[in-house]
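Got a structure here, written out as structure tokens. Questions coming.
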Amino acid sequence: MRDSNADDLTAMADLLTPLAIRVAATLRLADHMAAGVTTGAGLAERTGAHPATLKKLLRFLVSRGIFRWSEERGYEVTELGAPLRDGAPDSVRRRLSMDGLLGLAELGLTGLLHTVRTGEPGYKAAFGRDFWQDVSDVPDDANVLAEEVVSGLEADGALIVHSYDWSGVSRVMDVGGGNGTLLIELARANPRLRGAVLDLPGMARAAAKRIEEAAVADRCEAIVGSFLDPIPPGFDVYVLSAILCDWSDGDAIKILRRCGEAAGADGRVLVADRNLIHDDDDAHAARMNLLLTGTVPAPVRTLKQLKRLGAAAGLELTWEGPATRRRALLEFRAH
Ligand SMILES: C[S@@+](CC[C@H](N)C(=O)[O-])C[C@H]1O[C@@H](n2cnc3c(N)ncnc32)[C@H](O)[C@@H]1O
């Protein structure tokens, strides 16, 4: 007789299927098949994979209905596997790719036991390295990270450009500014504004490239550095967009302090944080809470908690902008 609970639980706990799908996404197998590479040997050559092992992966994914195989046509993508193609309208390839922002973070979940025992981030427990350092080290030609940070900004990023009074600001630093999307938008909306992105090497390279392409290199630059170290002074406003939400209270206070020190008495720190409001009863919030804790970690904070972080970093709240469900704007200055 089938023990359905045990079977259901075992199926829920399966690690092989998700990892096999993610390997397929990372190697872009569906795109290669769609482009006409349909033999195991051809796919191994195209992806640089070990031929015999890739064949095992393909066979397994055929058994899961993601690919199919026939003597005449070789390997093909099924309807179920179609979103693994980059160009599919509902593509999940980048999201599942092991060198993409989310895919990389989720690998940290293998350290979940350590996280639950200690409260420490899963990614570091699993790999012994800092998540963002690994993000920075992803080769430029993978380029997925630079693209993903843009989509992150779409979550109410326009609030920063349009709700804050930039008219009196000459120089802005986007601290942890990613690929430069926000700085470029700010420079376009404010023709006299000059600015810089400060980020880890990989992302700073992506920002420099975008700044060049956007033809604002005469007013904008990308600086390599860490916001956990002293930050270059001399800017009027230091923006922290979607940064504190990735850090524990202790680190968030340190980052705010670094910005406050750089801003000095006359400068401002503009916090534009994400993941603000949550409801513990909601299944989505429950998932996000554990997922984010187990990966980056990214605590979910209330507006009140965010203000308390500012106060703990010795900053005074000088302006409170609009808050949406996904983002809030708070301006601080050093005491
Ligand atoms: C969630 S992204 C936010 C990017 C951008 N500010 C936005 O609003 O979309 C976090 C950014 O912080 C950067 N970062 C992480 N650790 C850093 C560090 N120690 N110093 C500087 N930047 C860092 C990452 O490279 C990434 O670009």
Side-chain angles (χ1 to χ4, degrees), residues 95 99-106 108 121 123-124 129-140 142-161 163-164 172-186 195-211 220 222-232 235 237-248 250-259 261-262 269-276 288 291-292 295-301 324 326-330:
R95 193 218 167 292
D99 53 16
L101 202 59
L102 285 170
L104 193 65
E106 279 176 317
Y123 192 89
K124 192 142 196 185
R129 296 187 300 266
D130 176 67
F131 170 68
W132 288 109
Q133 191 57 55
D134 274 5
V135 167
S136 175
D137 290 346
V138 169
D140 288 358
N143 206 14
V144 275
L145 303 165
E147 295 305 319
E148 277 170 294
V149 176
V150 185
S151 56
L153 247 186
E154 279 159 11
D156 297 345
L159 272 189
I160 308 168
V161 182
S163 308
Y164 188 70
V172 59
M173 171 172 277
D174 193 1
V175 181
N179 62 12
T181 306
L182 174 64
L183 180 65
I184 292 166
E185 285 308 305
L186 284 172
V197 162
L198 177 93
D199 211 301
L200 298 175
M203 209 56 94
R205 271 197 305 278
K209 188 163 166 257
R210 274 182 175 259
I211 286 169
C220 300
I223 299 174
V224 174
S226 168
F227 46 52
L228 298 168
D229 297 332
I231 295 172
F235 292 78
V237 175
Y238 290 79
V239 177
L240 285 169
S241 163
I243 298 297
L244 302 182
C245 56
D246 288 335
W247 297 85
S248 67
D251 284 328
I253 291 169
K254 188 167 176 187
I255 295 165
L256 283 164
R257 276 222 178 91
R258 292 294 191 203
C259 291
E261 285 158 13
V269 180
L270 182 63
V271 173
D273 216 32
R274 292 182 57 192
N275 297 347
L276 267 179
M288 289 309 286
L291 177 70
L292 296 179
T295 53
V296 185
V300 183
R301 297 191 176 97
T324 66
R326 291 188 296 188
R327 214 182 260 272
L329 290 188
L330 298 173

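The shown structure was predicted, so the numbers you read here are calculated from the model rather than taken from an experiment. Atoms within a ligand are numbered from 1 in the order they appear, just like the ligands themselves.
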Problem - Ile223, Leu183, Asp199: member with heavy atom nearest to atom 27 (O) of ligand 1 - result: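 When every heavy atom of Ile223, Leu183, Asp199 is considered, Asp199 comes closest to atom 27 (O) of ligand 1.
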
Exercise for the section: Answer yes or no: is there a side-chain heavy-atom contact under 4.5 Å between Ile231 and Val175? Expected result: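 Yes - at least one pair of side-chain heavy atoms lies under 4.5 Å apart.
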
Problem - Geometric N/O contact Phe227 with ligand 1, under 3.5 angstrom - result: yes

Problem - Non-hydrogen side-chain atoms of Val161 and Leu182 separated by less than 4.5 Å - result: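 Counting from C-beta outward, Val161 and Leu182 do come under 4.5 Å.
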
Problem - Output field: ring centroids Phe227/Trp132 closer than 6.0 Å - result: no

Practice task
Using a strict cut-off of 4.0 Å, indicate which atoms of ligand 1 neighbour a heavy atom of Trp247.
Solution key: 16 (N)

Practice task
Compute the minimum heavy-atom distance from Val135 to ligand 1 and say whether it is under 4.0 Å.
Solution key: no

Fill in the blank from the handout: A student comparing Ile243, Leu244, Asp251 should find that the heavy atom closest to atom 12 (O) of ligand 1 comes from Ile243

Practice task
Mind checking whether Phe131 contacts ligand 1 via backbone (N, CA, C, O), side chain (CB onward), both or neither, at a 4.0 Å heavy-atom cut-off?
Solution key: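 For Phe131, there is no contact with ligand 1 at all, from either part.
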
Problem - Enumerated ligand 1 atoms positioned under 4.0 Å from heavy atoms of Gly178 - result: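 That gives atoms 27 (O) of ligand 1.
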
Practice task
Please tell me if the side chains of Glu106 and Leu291 come closer than 4.5 Å, counting only heavy atoms from C-beta onward.
Solution key: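 When only atoms from C-beta onward are counted, Leu291 and Glu106 do touch, with a gap below 4.5 Å.
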
Problem - Under 4.0 Å to a heavy atom of Asp246 - the qualifying atoms of ligand 1, by number - result: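 Contacts of ligand 1 toward Asp246, numbered from 1: 1 (C), 10 (C).
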
Problem - ligand 1 contact on Trp132 by region, counting heavy-atom pairs under 4.0 Å - result: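 Under 4.0 Å from ligand 1, Trp132 contributes side-chain atoms alone.
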
Practice task
For the residue pair Val271 and Leu329, establish whether any side-chain heavy-atom pair is separated by less than 4.5 Å.
Solution key: no

Exercise for the section: Number the atoms of ligand 1 from 1 as they appear, then name those within less than 4.0 Å of a heavy atom of Gly225, with their elements. Expected result: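 Answer, ordered by atom number: 20 (N), 21 (C).
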
Practice task
Just jot down the ligand 1 atoms closer than 4.0 angstrom to any heavy atom of Ala242, in number order.
Solution key: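 Within the 4.0 Å cut-off of Ala242, ligand 1 contributes 1 (C), 3 (C), 8 (O).
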
Practice task
Please name the residue in the list Val239, Val237, Leu159 that meets the side chain to side chain contact (heavy atoms under 4.5 Å, CB included) test with Tyr164.
Solution key: Val237

Problem - Sub-4.5 Å side-chain heavy-atom contact between Asp99 and Leu104 - result: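 Asp99 does not reach Leu104 side chain to side chain.
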
Completion exercise
Interatomic distance, CD1@Ile160 vs CG@Asp174, rounded to 0.5 Å, equals 7.5 Å

Fill in the blank from the handout: Judged by heavy atoms only, the candidate from Ser241, Cys245, Ala272 nearest atom 7 (C) of ligand 1 is Ser241

Problem - Any side-chain heavy-atom pair of Val172 and Leu183 under 4.5 Å - result: yes

Exercise for the section: Give a yes/no verdict on whether any heavy atom in Leu182 is under 4.0 Å from an atom of ligand 1. Expected result: no

